[in-house]
Amino acid sequence: MKRVIITGFDPFGKDEINPSWEAVKRLPDEIEGAKIEKIEIPTVFHKSVEELIQKIELSAPDIVICVGQAGGRFDITIERVAINLDDARIPDNENNQPIDKKIAEKGESAYFSNLPIKAMARKIREGGIPASVSNTAGTFVCNHIMYGLLHYINKNDLAKRGGFIHVPYIPSQVTNKPNVPSMALDDIVTGLTLAIRTAVTVEKDIEVTEGKIF
Ligand code: PCA
């Protein structure tokens, strides 16, 4: 039986909830015959990666997908790349605010997700939910955990697949924020389920463009 670890983050900044964990905790325990293990991760530089790696070493998953909130985005975005850089606009949940710091002193400048990112985005759209491939996970804790995960997989030459998905705000977070986009929690849960289904069943990504001009 394949095993999947999927993580969400705790709330950070001024937000009282984080739709990533709200959605992840509602996912089914089994998708396409794979066992789904759901974990909440603290929005804290370094500690987030340490907790994730501990869980990976305990559970030996085949696939690891981390999920985070991207307030302001309209759609579910499958991240393509993580960069070796922390540049925090706000402090994390333990008051760390690294500026222009490398995540791994000897790591590559960037790592690409080895999930079938384009197939995942397409599958979510076929389910009637907006989704696309994104070429930046930012420079805060989400990029940090994605980089930490892919660095760990690459450095240890593991046959594991890993990547990151950003999700929009849910409606209750934007009631007092005019013109800020949101997506219903149920749609986020459905979108993540379709993304996992694709990651479990598709070995080779599809060759279609998901490029963006900006
Ligand atoms: N989003 C933040 C960190 C935690 C989260 O859910 C980010 O995009 O970096």
Side-chain angles (χ1 to χ4, degrees), residues 5-27 38-53 55 64-104 107 110-113 115 117 120-121 130-151 162-174 177 180-185 187-189 191-192 195-196 212:
I5 286 183
I6 182 147
T7 70
F9 280 108
D10 64 357
F12 66 99
K14 294 199 177 78
D15 285 301
E16 276 159 26
I17 59 163
N18 191 320
S20 65
W21 176 239
E22 294 306 313
V24 164
K25 74 182 182 198
R26 287 171 171 77
L27 289 168
K38 308 153 209 170
I39 302 164
E40 187 181 19
I41 298 279
T43 303
V44 177
F45 288 100
H46 296 289
K47 191 183 200 175
S48 51
V49 177
E50 284 155 24
E51 286 195 12
L52 177 64
I53 290 175
K55 297 286 185 190
V64 182
I65 304 176
C66 301
V67 185
Q69 159 183 305
R73 286 195 185 168
F74 288 85
D75 59 349
I76 295 178
T77 44
I78 318 296
E79 297 295 347
R80 192 196 296 260
V81 60
I83 60 173
N84 190 5
L85 180 84
D86 290 333
D87 186 5
R89 189 170 47 80
I90 56 169
D92 70 12
N93 286 351
E94 289 188 358
N95 231 13
N96 308 297
Q97 194 167 5
I99 296 176
D100 293 351
K101 291 269 180 314
K102 275 191 171 185
I103 299 169
Y111 292 105
F112 289 108
S113 170
L115 295 173
I117 54 170
M120 290 160 76
S132 60
V133 168
S134 156
N135 299 302
T136 175
T139 56
F140 193 49
V141 181
C142 289
N143 172 74
H144 181 96
I145 201 170
M146 182 180 175
Y147 184 91
L149 167 63
L150 294 172
H151 180 59
F164 194 94
I165 302 177
H166 264 122
V167 299
Y169 284 135
I170 56 174
S172 62
Q173 293 178 281
V174 300
K177 292 188 186 122
V180 175
S182 65
M183 183 180 277
L185 183 57
D187 285 347
I188 298 178
V189 174
L192 293 180
I196 295 171
K212 287 180 178 169

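For reference, positions follow the sequence shown, starting with 1. Counting starts at 1 for both ligands and their atoms, following the listed order. In this text, all values refer to a predicted model and were calculated from it rather than measured experimentally.
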Exercise. Quick one: does N143 get an N or O within less than 3.5 Å of an N or O on ligand 1?
Worked result: no

Exercise. What atoms in ligand 1 come closer than 4.0 Å to a heavy atom of F12?
Worked result: 1 (N), 2 (C), 4 (C), 5 (C), 6 (O)

Seminar exercise, completed: Under 4.0 Å from one or more heavy atoms of T43, ligand 1 contributes atoms 3 (C), 4 (C)

For this session: Ignoring hydrogens and angles, state whether a donor on the side chain of T43 or D10 is under 3.5 Å from an acceptor on the partner side chain.
Result: yes

Exercise. If we only count N/O pairs under 3.5 Å, is S20 in contact with ligand 1?
Worked result: no

Problem set entry | More than 12 heavy atoms of other groups within 6.0 Å of K212 NZ | yes

Exercise. Nearest protein heavy-atom contact for atom 2 (C) of ligand 1: which residue, which atom, what distance?
Worked result: C142 SG, 3.1 Å

For this session: Could you tell me whether E22 and R26 have a side-chain N and a carboxylate O separated by less than 4.0 Å?
Result: yes

Problem set entry | Derivation and outcome, side-chain contact (heavy atoms from CB on, under 4.5 Å), residues E50 and V44 | CA-CA 10 Å; E50 284 155 24; V44 177; over 6 Å; no

For this session: Decide whether E79 and S134 meet the rule of one side-chain donor and one side-chain acceptor closer than 3.5 Å.
Result: yes

Exercise. Looking only at heavy atoms of H166, does any of them come nearer than 4.0 Å to an atom of ligand 1?
Worked result: yes

For this session: Assess whether atom NZ of K55 is packed by more than 12 heavy atoms of other residues, nucleotides or ligands within 6.0 Å.
Result: no

For this session: Using a 4.0 Å heavy-atom threshold (strictly under), name the region of F9 that reaches ligand 1: side chain, backbone, both or neither.
Result: side chain

Seminar exercise, completed: For N18, the ligand 1 atoms with a heavy-atom partner under 4.0 Å come out as 5 (C), 6 (O)

Problem set entry | Any N or O of G68 closer than 3.5 Å to N or O of ligand 1 | no

Problem set entry | Name of the residue among I103, I41, V64 meeting side-chain contact (heavy atoms from CB on, under 4.5 Å) with I145 | I41

